[in-house]
Structure formats: C-alpha cells, structure tokens
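Starting from 1, each residue takes its place in the sequence as its number.
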Amino acid sequence: MKLKELSLNDLNAELFIEKKVSEIDSIVGKGIAVNALSGGVDSAVVTMLAHKALGDRLKSFFIDSGLMRKGEPEQIRLWFAELGITVEIIDSGEAFFAALKGKTDPEEKRDAITETFYKDVFGKIVKDSGARYLLQGTNYTDVEETVAGIKRQHNILEQLGIDPEERFGYKILEPLIELRKPAIRMVGKATGLHPKLYLRPPFPGPALAARVIGEVTPERVAMVRVATEILEKQLASTTAFQYLAILHEDRVTGVRNGKRDFGYQIELRCWESEDAITASPTRIPHETLEHLADDITSLVPGVVSVTYNITKKPPSTIEAV
Ligand code: XMP
C-alpha cells in the first residue's frame, strides 16, 4: 500500500491542523466544498478542519439515510449549531431502502449504500450547490481493511481504482487518511471539538445497515434501532471502544404467554480496542447482560433471543456486515 500511516507518536496535532487547513484552503480556492456528517468521530473532525479552512464556503450535511440511530440527525445538527456550524439534514431514506431492497449479500449491500450515497444523494447536492469537492473522513484503518479485502468500507473509492470525478462528477478530499482513530481523536480535541463528540464510540458510515444480517428493510432497521438505544444507554458509562446490536436473519423457537413464538435473535457486541484493527470482547458483568436481555426481549417486538459475542477480532470483525 502506497499510503503511509502518521502514528499517534509522530503526530503534532496543532501542526497537522495548520497543514490540513492550508491544503484544503488552497485546493478548494474560492469555490465551495460539501461534507457529510455521519454521527461518527471522523466526519466530525473533518467538518472542524474544513470549517476552519473554508468558513461559510463549507456546506455540511447530515444524510438521513433512514439507517441512523434514534434522534441522531437532530442531535448532530444541534451539537454543531453550538459551534456555529450549520448542518442541513437531507431526508433520503426512500432512496437507500429502494437500493437495498432484496439484497442480502454483505458486499452488495455495501455497494448499494456507496452508490446511493455518492451518486444519487451527493451527486444532486453537489450539482445544486455548485461545489466541486466533497470532504470525507476516510481513515488509515478503512483503507487498510479495504485494500486487504477484509471489508469494502463504504467510503473507499480511489484505492479501489474508482475515480470519483469521472464516476460522480466531483473530487474527494480525505484529510484524515494517514491517521488511525486515537490520532483522529487527538486532532479532534485540538480543533476545539467537545469531548462528547471526539470521544464518541466509532459509528460506521453504512450505519445500522452494517448491523442487519440479510435484507435491510425499514422494519428490520427499526428493530436494531431500539436494541441499539437500549444498549447505548446501559453501556454509556463504560470505557469500551465500541458496542453494537445486530439483528440476525435466522429465527429460533421461543415461548411467550405459554405459546411457541418463532422469533428473532439479537446479538450484542462490546469491544476493547485501540484502533479497530484487533479487538477483544469486554468482560461485561453478567448482571448487566441479563438486564440487557430482559429489556431487549420486552421492548423489541418479536425478539426471543439475545446473545453476547465472545469472539476476538480476528477472526470476527467489529461490525457484522
Ligand atoms: P470492522 O467491522 O471492519 O470495523 O472490524 C472496523 C471499524 O470501522 C468501522 N466501520 C466502518 N466505518 N465505513 C465506515 O466509515 C464503513 O463502511 C465501515 N465498516 C466498519 C467499524 O464501526 C469499526 O469501528
């Protein structure tokens, strides 16, 4: 791989910010650039860098793909409003669900999300705004895993030989591409981002679709969304790297009100990790796991089984799709 990592030890966050701000400024010139927030750390840090470079010439969007966590679009809009950055929410759930309809293969689902995001949704935004650049928070781990063929991260294009200008009509700038998560958090802190944002657990670009095995429908995403809300509330005070709920495709026999209930299964994962390259499951107290199982089986309709993943990465990955 041609790209070289800038490690946490070698990073001088202030100098890095100065350099990236000046690069963005000179590349975009007097034009306009756009960027999308996903609720994750990386896109939040990119927004700060690009806002420092471009001010109002940066147009920030939150693409509400219908795959987001409960209340997320509005929460992000409010957090950035506190920093004087306007974020426009684009409601595009219909386009994403139409593209995902009938798809069960993980790579096909990732492809459908990539195409809808870059071509349909951003293609239109870029055209309407007159922008020529999209800024995004691709990081070193995303590139490494995609190039290694582990998982095609939704935001990787050029490393796969895709020319975004030719394919979608705009250029992509990736100021964080040499950094891994701990370094990105350090840059985020130095940009003035609030800890509630730069210390957030990572959240993938394909959002809850990365946590639905099989077809991604509004109903199935709604189930994962409720389970995610329960899990995130109960684990909020932990120091885990990331935690998530996954909806499985297979159903199992359960019993409710004395009758068979052939219901759904939710798998919970909670990870200890530095940089998402390797990870091990958090030793969550059994009592907490039991509370989670009780709450999820009573609040997520149709769920009769909750499991906790005890596998390390590798051979597991952090997300399930
Ligand atoms: P995996 O599942 O590959 O995840 O072990 C490693 C880290 O990357 C996040 N992730 C993604 N982030 N686009 C992203 O922006 C993606 O397509 C994507 N897939 C996984 C994941 O949440 C974890 O932190």
Side-chain angles (χ1 to χ4, degrees), residues 8 37-46 65 67-72 75-76 79 106 110 113 137-146 150-156 176 179-189 193-213 221 224-248 266-285 288-289 292 296 306-321:
L8 185 61
L37 285 140
S38 66
V41 180
D42 308 346
S43 61
V45 176
V46 165
S65 55
L67 307 170
M68 293 298 170
R69 288 172 288 190
K70 188 174 168 205
E72 186 79 1
Q75 177 64 263
I76 294 293
W79 278 345
R110 283 174 170 266
I113 290 170
T138 319
N139 68 39
Y140 191 80
T141 311
D142 294 341
V143 179
E144 197 173 49
E145 295 218 326
T146 303
I150 296 168
K151 228 178 241 189
R152 175 213 207 286
Q153 306 279 314
H154 83 289
N155 47 3
I156 301 297
L176 305 178
L179 309 182
R180 293 193 198 270
K181 198 66 82 191
I184 294 174
R185 293 195 204 278
M186 191 183 261
V187 172
K189 183 177 180 190
L193 211 51
H194 194 280
K196 69 191 167 199
L197 266 161
Y198 71 76
L199 290 181
R200 282 194 120 189
F203 189 68
L208 298 177
R211 300 171 182 179
V212 172
I213 317 266
V221 170
V224 171
R225 187 176 287 122
V226 178
T228 303
E229 190 191 1
I230 295 166
L231 180 73
E232 289 193 348
K233 267 199 190 129
Q234 290 201 31
L235 298 188
S237 59
T238 68
T239 55
F241 178 79
Q242 195 167 356
Y243 28 89
L244 47 130
I246 295 153
L247 175 64
H248 280 261
I266 292 276
E267 175 192 330
L268 305 179
R269 296 183 181 184
C270 181
W271 297 107
E272 301 300 313
S273 178
E274 285 293 320
D275 52 17
I277 283 289
T278 58
S280 54
T282 304
R283 297 192 171 201
I284 297 183
T288 310
L289 290 171
L292 284 165
I296 289 171
V306 177
T307 57
Y308 183 61
N309 187 313
I310 50 166
T311 319
K312 292 189 176 77
K313 174 183 179 177
S316 180
T317 56
I318 286 181
E319 305 288 347
V321 170

Please give me the minimum heavy-atom distance between [X] and [Y], naming the atom from each residue.
{"X": "G188", "Y": "V45", "answer": "CA-CG2, 3.6 Å"}
{"X": "D142", "Y": "G137", "answer": "OD2-O, 4.4 Å"}
{"X": "V212", "Y": "V321", "answer": "O-CG2, 3.4 Å"}
{"X": "R211", "Y": "Y243", "answer": "NH1-O, 4.3 Å"}

Are [X] and [Y] side-chain neighbours, meaning at least one heavy-atom pair lies under 4.5 Å?
{"X": "R185", "Y": "L199", "answer": "yes"}
{"X": "T288", "Y": "L235", "answer": "yes"}
{"X": "L268", "Y": "I284", "answer": "no"}
{"X": "H194", "Y": "W79", "answer": "no"}
{"X": "V41", "Y": "L193", "answer": "no"}
{"X": "I246", "Y": "I213", "answer": "yes"}
{"X": "K181", "Y": "D42", "answer": "yes"}

Roughly how far, to the nearest 0.5 Å, is the [atom2] atom of [Y] from the [atom1] atom of [X]?
{"X": "I266", "Y": "L231", "atom1": "CD1", "atom2": "CG", "value": "10.0 Å"}
{"X": "I230", "Y": "K70", "atom1": "CD1", "atom2": "NZ", "value": "10.0 Å"}
{"X": "T317", "Y": "K151", "atom1": "OG1", "atom2": "NZ", "value": "3.0 Å"}
{"X": "N155", "Y": "T138", "atom1": "CG", "atom2": "OG1", "value": "4.0 Å"}
{"X": "E145", "Y": "I277", "atom1": "CD", "atom2": "CD1", "value": "5.0 Å"}
{"X": "D275", "Y": "L179", "atom1": "CG", "atom2": "CG", "value": "12.5 Å"}

Using only heavy-atom distances, determine whether the side chains of S273 and K313 contain a donor-acceptor pair under 3.5 Å.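 Absent: no donor and acceptor within the cut-off.
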Can you see whether T282 engages E272 through a side-chain donor-acceptor pair at a distance of less than 3.5 angstrom?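 Note: T282 and E272 side chains meet the donor-acceptor criterion.
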So, does T146 use its side chain to make a donor-acceptor pair with the main chain of Q153 at under 3.5 Å?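 Between the backbone of Q153 and the side chain of T146 there is a qualifying donor-acceptor contact (under 3.5 Å).
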Determine, for R180 against E144, whether the closest basic-nitrogen to carboxylate-oxygen distance falls under 4.0 angstrom.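 Counted as a salt bridge, because a side-chain N and a carboxylate O are separated by less than 4.0 Å.
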What donor-acceptor contacts under 3.5 angstrom involve side-chain atoms of residues 200-210, with partners at least two apart or in another chain?
residue	atom	partner	partner atom	Å
R200	NH1	G39	O	2.6
R200	NH1	E72	OE2	2.7
R200	NH2	E72	OE1	3.4

Could you name each residue pair satisfying salt bridge (Lys or Arg N to Asp or Glu O under 4.0 Å) that touches residues 232-247, not counting sequence neighbours?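 Passing the test, one end in residues 232-247: R69-E232, E229-K233.
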Residues which pass salt bridge (Lys or Arg N to Asp or Glu O under 4.0 Å) with R110, listed by chain and number, not counting sequence neighbours: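 Counting only residues at least two positions away or on another chain, R110 forms no salt bridge (Lys or Arg N to Asp or Glu O under 4.0 Å).
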